[in-house]
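Worksheet: the structure to be examined is printed underneath.
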Amino acid sequence: MKPVLAALALAALAGCSSPDRDASIASTDACDKVARYETPAQRFDETVQQLAHATGCFVKTDLTRTAGIRVNGIRGTMPIREALETAIRGTNLGIADSEPNTIHVVIMP
């Protein structure tokens with residue numbers, strides 16, 4: 001039940017808008033939107049929340065397993081996919097797949 005609640009919480013956050021959102025991007029996939037990031041190294045759940053707010057892209061993950069994993073800081077202007085890849089580089093997290101408006105992050109074997 002907890003993973004479902006965690007996923008629902010992220011879904012709610014994904015709909016938040018941000019003044020940093022780049023409205024000039026023509027793609028309808030929220031995960032292709034470019035945003036400016038100044039995110040410190042921190043827990044994965046904190047980073048995911050900031051990414052979702054900045055772009056509206058839903059990051060699907062089991063927060064009961066991934067929340068406390070420490071990830072890298074993100075600095076610069078880029079799409080969320082690139083920002084997420086930067087954040088999880090060197091950790092045991094990986095992008096399992098993505099679909100329109102959603103990126104799925106898991107712990108890699």
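Side chains included, hydrogens not; waters and symmetry mates left out as well; all remaining heavy atoms used.
Inter-residue side-chain proximity for Leu84 and Val71 is flagged as unmet; no heavy-atom pair is nearer than 4.5 Å. No side-chain heavy atom of Phe44 sits under 4.5 Å from any side-chain heavy atom of Thr91.
Applying the side-chain contact (heavy atoms from CB on, under 4.5 Å) criterion to Arg75, with sequence neighbours excluded, gives Glu38. When the side-chain contact (heavy atoms from CB on, under 4.5 Å) test is applied to Ala83, the partners found at least two apart in sequence or on another chain are Tyr37, Leu51, Ile74, Met78. Thr66 meets the side chain to side chain donor-acceptor pair (under 3.5 Å) test with Thr61; sequence neighbours excluded. In this structure Ser98 satisfies the side-chain contact (heavy atoms from CB on, under 4.5 Å) test together with Arg81, Ile103, sequence neighbours excluded. In this view, Ala96 and His104, Val106 satisfy the side-chain contact (heavy atoms from CB on, under 4.5 Å) rule, not counting sequence neighbours.
Counting only distance, with no hydrogens or angles, the side chain of Arg70 and the backbone of Ala41 share a donor-acceptor pair below 3.5 Å. Asn92 places no side-chain N or O within 3.5 Å of a backbone atom of Met108 that could act as its donor or acceptor partner. Asn101 places no side-chain N or O within 3.5 Å of a backbone atom of Cys57 that could act as its donor or acceptor partner. For Glu46 (side chain) and Arg43 (main-chain N/O), a donor-acceptor pair under 3.5 Å exists by modelled atom type.
Distance check, rounded to the nearest 0.5 Å: CG of Leu63 to CD of Gln49 gives 10.0 Å. The distance from atom CD1 of Ile95 to atom NZ of Lys60, rounded to the nearest 0.5 Å, is 13.5 Å. Here Thr77 contributes atom OG1 and Arg36 contributes atom CZ; the two are 4.5 Å apart, rounded to the nearest 0.5 Å. Taken from CD in Gln42 to OG1 in Thr47, the straight-line distance is 3.5 Å, to the nearest 0.5 Å.
Sorted pairs that involve residues 82-108 and meet salt bridge (Lys or Arg N to Asp or Glu O under 4.0 Å), not counting sequence neighbours, are lacking altogether.
For the residue pair Ala35 and Thr55, the shortest heavy atom distance occurs at CB-CG2, 4.1 Å.
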List the steps and the verdict of side-chain contact (heavy atoms from CB on, under 4.5 Å) for Ile69 and Ile107. CA-CA 10 Å; Ile69 296 174; Ile107 294 179; 4.1 Å; yes

